[in-house]
Amino acid sequence: MTLWSPTSNDALLVIDMQRDFLPGGALAIAGGDTIIPGINTVARRFEHVLLTQDWHPRGHISFASTHAGAHPRWGTPVSTPEGRSILHAPYGVQDLWPDHCVQGTAGAELHHDLSIPHAELILRKGFHQQIDSYSAFMENDRRTPTGLAGYLRERGITRLFFTGLAYDFCVGFSALAAAQLGFESIVIEDLTRAVDLPDSVRAINAAFATAGVLRISSTALPSA
Ligand code: VGL
Ligand code: ZN
């Protein structure tokens with residue numbers, strides 16, 4: 001097994017480890033809390049660690065509640081044959097979610113058990129009312145960059161390791177975007193958990209294979 005030893009050209013990205021995505025939260029992901037200790041441990045192996053925070057205004061386009069009632073703001077939600085609730089947004093298909101990670105609320109806070117004091121950047125995303133952003137690099141309209149690629153390039157970081165939530169959404173879209181932007185992109189699979197909507201895990205795994213995103217285990221990183 002290849003041992004991956006982090007260098008100063010590598011960064012660990014910890015995606016959306018927020019209270020709303022953990023058990024008890026508004027969009028709880030099963031087992032999300034169980035990956036916190038492993039993320040804290042692996043983070044100590046990296047000189048560069050970056051955190052992201054999903055950070056939505058009230059009435060965000062990705063909230064099902066925004067499109068309910070007599071005056072849907074940006075169209076009417078529909079159910080797919082597979083049982084997903086989606087909106088045909090101006091930029092394409094947008095899955096709809098319970099209200100989550102609303103700016104300044106307790107649910108939007110990073111989980112307090114996350115312990116990475118040397119993390120050097122917290123990147124917020126999804127703050128445009130009319131555009132969601134699963135990816136930490138590029139919003140869901142596929143044309144609005146977050147600025148993260150520029151930050152990393154300017155600092156000489158070329159290889160990225162991904163952990164956090166959710167495997168099939170924000171981790172997945174971030175790792176794919178990173179590969180498309182020319183970064184080496186590696187997902188530490190056991191330090192993620194999936195929302196697991198119909199077809200979402202299969203689809204992201206297929207996209208990883210096409211884009212050259214690698215999937216590894218945390219046991220492939222040096223433990224001390
Ligand atoms: C996420 C759904 C909605 C994620 C964010 O962090 O994966 N999923 N917003
Ligand atoms: Zn969100």
Side-chain angles (χ1 to χ4, degrees), residues 12-40 42-43 49-69 73-74 77 83-87 89 93-117 119 121-140 144 146 148 162-175 177 187-198 200-201 204:
L12 178 72
L13 272 83
V14 179
I15 305 293
D16 295 1
M17 290 300 292
Q18 292 161 271
R19 290 171 62 173
D20 269 343
F21 293 126
L22 295 160
L27 210 175
I29 295 162
D33 51 335
T34 64
I35 64 177
I36 296 174
I39 291 175
N40 290 340
V42 94
V49 183
L50 287 74
L51 315 177
T52 67
Q53 237 177 340
D54 211 33
W55 196 251
H56 300 311
R58 283 181 201 288
H60 189 245
I61 192 168
S62 75
F63 296 171
S65 66
T66 302
H67 313 286
R73 214 179 298 179
W74 297 296
R84 287 165 75 152
S85 172
I86 61 160
L87 181 77
V93 170
Q94 171 66 53
D95 274 297
L96 295 177
W97 308 98
D99 293 21
H100 65 280
C101 298
V102 173
Q103 295 169 1
T105 63
E109 287 170 17
L110 294 168
H111 196 278
H112 294 168
D113 293 340
L114 199 68
S115 177
I116 313 178
L121 179 78
I122 300 177
L123 180 105
R124 289 171 169 170
K125 62 180 180 60
F127 49 75
H128 288 129
Q129 192 86 28
Q130 308 194 34
I131 318 172
D132 199 8
S133 191
Y134 293 148
S135 164
F137 293 89
M138 192 61 82
E139 301 196 16
N140 287 10
T144 306
T146 64
L148 182 57
F162 290 88
T163 61
L165 301 170
Y167 179 78
D168 41 352
F169 286 94
C170 291
V171 172
F173 280 67
S174 297
V187 176
I188 308 176
E189 213 171 348
D190 55 314
L191 298 182
T192 69
R193 289 292 182 274
V195 178
D196 203 8
L197 294 187
S200 62
V201 171
I204 207 72

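Keep in mind that the numbers below use all heavy atoms, side chains included, and drop hydrogens, waters and symmetry copies.
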Closest heavy-atom pair, Gln94 versus Ala89, reported as atoms and distance to 0.1 Å, is CB-CB, 4.2 Å
Checking Gln130 now: which residues fulfil side-chain contact (heavy atoms from CB on, under 4.5 Å) with it, not counting sequence neighbours?
Trp74
Are His56 and Asp132 close enough that some pair of their side-chain heavy atoms sits under 4.5 Å apart?
yes
Pairwise distance SG(Cys101) to CZ(Phe63) - rounded to 0.5 angstrom:
7.5 Å
Please tell me if the side chains of Leu148 and Leu50 come closer than 4.5 Å, counting only heavy atoms from C-beta onward.
yes
Evaluate the criterion side-chain contact (heavy atoms from CB on, under 4.5 Å) for residue pair Leu165 and Met17; output intermediate values, then yes/no.
CA-CA 6 Å; Leu165 301 170; Met17 290 300 292; 3.7 Å; yes
If we ignore angles and hydrogens, is there a donor and acceptor under 3.5 Å between the side chains of Arg19 and Thr105?
no
Which pair of heavy atoms, one from Gln129 and one from Gly59, lies closest together, and at what distance?
NE2-O, 3.0 Å
Check for a donor-acceptor pair, side chain of Gln103 on one end and backbone N or O of Trp55 on the other, with a separation under 3.5 Å.
yes
Ring centroid separation for His60 and Phe127, is it under 6.0 angstrom?
no
Backbone N/O of Ser62 and side chain of His67: donor-acceptor pair under 3.5 Å:
no
Interatomic distance, CZ@Arg193 vs OG1@Thr34, rounded to 0.5 Å, equals 4.0 Å
Could you tell me if the side chain of Phe162 sits less than 4.5 Å from the side chain of Thr192, heavy atoms only?
no
Tightest non-hydrogen contact, residues Leu22 and Ala28, listed as O-CB, 3.4 Å
Describe, in one word, how the ring planes of His100 and Phe21 are oriented to each other, choosing from parallel (under 30°), tilted (30 to 60°) and perpendicular (over 60°).
tilted
Show, in sequence, the C-alpha distance, side-chain angles and deciding distance for Thr163 and Ile35, and conclude whether the side-chain contact (heavy atoms from CB on, under 4.5 Å) test is met.
CA-CA 9 Å; Thr163 61; Ile35 64 177; over 6 Å; no
Which atom names give the shortest non-hydrogen contact between Met138 and Thr146, and what distance separates them?
N-CG2, 4.1 Å
For Arg58, I'd like to know if atom CZ has over 12 heavy atoms of other residues, nucleotides or ligands within 6.0 Å.
no
Run the side-chain contact (heavy atoms from CB on, under 4.5 Å) check on Leu87 and Thr66 step by step: do they pass?
CA-CA 11 Å; Leu87 181 77; Thr66 302; over 6 Å; no
Ignoring hydrogens and geometry beyond distance, is a side-chain donor-acceptor pair present between Asp54 and Gln18 at under 3.5 Å?
no
Inter-residue atom distance Thr144.OG1 - His128.NE2, 0.5 Å rounding:
6.5 Å
Can you give me the closest heavy-atom contact between Ala194 and Val201, atom names plus distance?
CB-CG2, 3.8 Å
So CG of Asp16 and CZ of Phe169: to nearest 0.5 Å the spacing works out to 12.5 Å
Begin from the C-alpha positions of Ile116 and Leu12 and carry the test side-chain contact (heavy atoms from CB on, under 4.5 Å) through to its verdict.
CA-CA 11 Å; Ile116 313 178; Leu12 178 72; 5.5 Å; no
Please check: side-chain N/O of Ser174 versus main-chain N/O of Ala136, any donor-acceptor pairing under 3.5 Å?
yes
Return the OG1 to CD1 distance between Thr52 and Ile122, rounded to the nearest 0.5 Å.
10.0 Å
One should read off an interatomic distance between Phe173 CZ and Asp168 CG, to the nearest 0.5 angstrom, of 9.0 Å
Val14 and Val49, any side-chain heavy atoms less than 4.5 Å apart:
yes
Closest approach of Pro23 and Asp33, non-hydrogen atoms and distance?
CG-OD1, 3.5 Å
List the residues meeting side-chain contact (heavy atoms from CB on, under 4.5 Å) with Pro198, not counting sequence neighbours, and say none if there are none.
Glu82, Arg84
